[in-house]
There are 2 protein chains.
Amino acid sequence: MAIEIPIQMRQAVQRNSSRCAATNIRKASRAISQFYDHALEPSGLKSTQFTMLVAVACHAPIALTLLAERMVMDRTTLTRDLQRLEEQGLLEISPGTDRRSRIIELTKAGQTALLAAVPLRAKAQAHIVEHIGEERLSSLLEIIEEVVVAVKSD
Amino acid sequence: MAIEIPIQMRQAVQRNSSRCAATNIRKASRAISQFYDHALEPSGLKSTQFTMLVAVACHAPIALTLLAERMVMDRTTLTRDLQRLEEQGLLEISPGTDRRSRIIELTKAGQTALLAAVPLRAKAQAHIVEHIGEERLSSLLEIIEEVVVAVKSD
DNA sequence: AGAAAATATGTGTAAATACACCTATGGCAA
DNA sequence: TTGCCATAGGTGTATTTACACATATTTTCT
């Protein structure tokens, strides 16, 4: 059964939580991901997939676990994300010399898709820079990196 | 078939994309969500659920679509997130006077869970503040709010 | 009043995410 | 050499997320 929340309690909860880093960063993550998804639509890539292809392009050939660490992402998440990209023919997953490991590389189609998406991403980013300026974008990137370090130093 | 990425192309892609707002904010979102999830574990709430209960506590009684707008979240996402919280007895979803709409309110159990979680969240946040300082947290919150506005003004 | 438009929500489907648990392989020490 | 433990990865399951499409009401206009 629903209850009425006393006004003092509302205010107390709000004071304590309105500056919640997790809440606000997740909110921004949703909004920005949607924005970039729409911007990347002509390329057929979602923003998450674009991010993945960039990471692979920069590090390939790289093993799965190492790539997961670089992306601050759970290894098992990466397994399935990469599977989808492999199904789409954008990258290749092959066993390494150590037969336990999987080596991730771009295919030609993956490289083509990535190069097509790069200017679309740049345009989306330019829209944000127009609104907030390079300075503040730099500050943002700098601070969130510090936050990532902070939450991992635990 | 995998291809080798020329070093110049790697560098070009990396230059263009390493400052990608979407990539970096999603990365931070993953890291921070995990950190808060662990911190909230004793309360039985995940950070997403905590966020939801806070929003409901602050706005209840509120209709679903309006709550979705406040949270910058897709309406249909909220439908299922709220369903789970309802199943757990933490909130109540009832039809409003307009029989199309659903009104969301906290239950007593929801209020109890929320109050138990508030100090856990505060402790998690304190850990971050210790590392980056109040100043930079304020900057972060300010800038991401600007980014949210920027991507919605389209 | 009746039809059309607007509003509020739900469902099917799929991607991104992570945790607990399981398998396969490699390295090292007794 | 064999047996143990560490390392690399995959699977089952569940949550968070959103889009396309469908349904139920309400409002508005003629």
Side-chain angles (χ1 to χ4, degrees), chain A residues 22-23 25-38 40-41 44-53 55 61-69 71-88 90 93-104 151, chain B residues 22-23 25-38 40-41 44-53 55 61-69 71-88 90 93-104 151:
Chain A
T23 298
I25 288 189
R26 264 203 309 275
K27 180 170 78 175
S29 174
R30 287 191 295 270
I32 295 180
S33 292
Q34 262 184 88
F35 179 69
Y36 277 74
D37 279 349
H38 291 149
L40 290 175
E41 226 160 56
L45 294 175
K46 303 197 54 171
S47 59
T48 44
Q49 303 177 319
F50 174 78
T51 296
M52 206 76 78
L53 290 184
I62 186 175
L64 187 141
T65 296
L66 190 53
L67 183 57
E69 275 167 27
M71 303 186 73
V72 189
M73 182 178 284
D74 190 275
R75 178 181 56 73
T76 66
T77 301
L78 205 54
T79 297
R80 318 217 191 186
D81 288 354
L82 293 177
Q83 272 170 6
R84 289 182 203 106
L85 291 169
E86 189 187 30
E87 284 160 18
Q88 292 172 48
L90 301 179
I93 307 174
S94 47
T97 47
D98 180 334
R99 278 182 306 171
R100 290 170 299 183
S101 75
R102 303 288 156 140
I103 306 301
I104 321 295
V151 300
Chain B
T23 298
I25 288 190
R26 263 202 310 274
K27 179 169 79 174
S29 175
R30 288 191 293 271
I32 295 181
S33 292
Q34 262 183 88
F35 179 69
Y36 278 74
D37 279 349
H38 291 149
L40 289 176
E41 226 160 56
L45 294 175
K46 303 197 56 171
S47 59
T48 45
Q49 302 177 319
F50 174 78
T51 296
M52 206 78 78
L53 290 185
I62 186 175
L64 187 141
T65 296
L66 189 54
L67 184 58
E69 276 166 27
M71 302 185 74
V72 189
M73 182 178 285
D74 190 275
R75 178 182 57 72
T76 66
T77 302
L78 206 54
T79 297
R80 318 218 190 186
D81 288 355
L82 293 177
Q83 272 169 7
R84 290 182 201 104
L85 291 170
E86 189 188 29
E87 283 159 18
Q88 292 171 49
L90 301 180
I93 306 173
S94 47
T97 47
D98 181 333
R99 279 181 306 169
R100 291 169 301 183
S101 75
R102 302 287 157 142
I103 305 301
I104 322 296
V151 300

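Computed from a predicted structure; not experimentally measured. Just the heavy atoms: all of them, side chains too, but no hydrogens, waters or symmetry mates, feed the values below.
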Which residues share a side-chain hydrogen bond (donor to acceptor under 3.5 Å, both in side chains) with [X], sequence neighbours left out:
{"X": "Arg84(B)", "value": "Asp81(B)"}
{"X": "Thr77(B)", "value": "none"}
{"X": "Thr79(B)", "value": "none"}

Would you mind classifying the nucleic acid contact of Asp37(A) as base, sugar-phosphate or nothing, using non-hydrogen atoms under 4.0 angstrom?
nothing

Neighbours of DNA chain C within residues 73-83 of chain B, by heavy-atom distance under 4.0 Å:
Arg75(B), Thr76(B), Thr79(B), Arg80(B)

Can you name the residues that form a side-chain contact (heavy atoms from CB on, under 4.5 Å) with Ala63(A), not counting sequence neighbours?
Ile103(A)

Restricting to side-chain contact (heavy atoms from CB on, under 4.5 Å), what partner residues turn up for Glu41(A), sequence neighbours left out?
His38(A)

Is there a side-chain polar atom (N or O) of Gln34(A) under 4.0 Å from OP1 or OP2 of dA18(D)?
yes

Using the salt bridge (charged side-chain N to carboxylate O under 4.0 Å, His left out) criterion, which residues pair with Asp98(B)? Sequence neighbours excluded.
Arg100(B)

Sequence neighbours excluded, which residues qualify as salt bridge (charged side-chain N to carboxylate O under 4.0 Å, His left out) partners of Arg99(B)?
none

I would like to know whether Lys27(B) and Met71(A) meet side chain to side chain contact (heavy atoms under 4.5 Å, CB included); could you show each step before the answer?
CA-CA 7 Å; Lys27(B) 179 169 79 174; Met71(A) 303 186 73; 5.9 Å; no

Could I get a table of every N or O pair under 3.5 Å where one atom is in the protein and the other is in nucleotides 1-7 of chain D?
from	atom 1	to	atom 2	distance (Å)
dT7(D)	O2	Arg100(A)	NH1	2.8

Contacted region of DNA chain C by chain B, from 5' end to 3' end of the hits, cut-off under 4.0 Å to heavy atoms, spans dA6(C) to dC19(C)

Just distance, no hydrogens or angles: give the donor-acceptor pairs under 3.5 Å from side chains in residues 45-53 of chain A, sequence neighbours left out.
from	atom 1	to	atom 2	distance (Å)
Ser47(A)	OG	Asp37(A)	OD1	2.8
Ser47(A)	OG	Arg26(B)	NH1	3.0
Gln49(A)	OE1	Lys46(A)	N	3.0
Thr51(A)	OG1	Ser47(A)	O	3.0
Thr51(A)	OG1	Thr23(B)	OG1	2.8
Thr51(A)	OG1	Arg26(B)	NH2	3.0

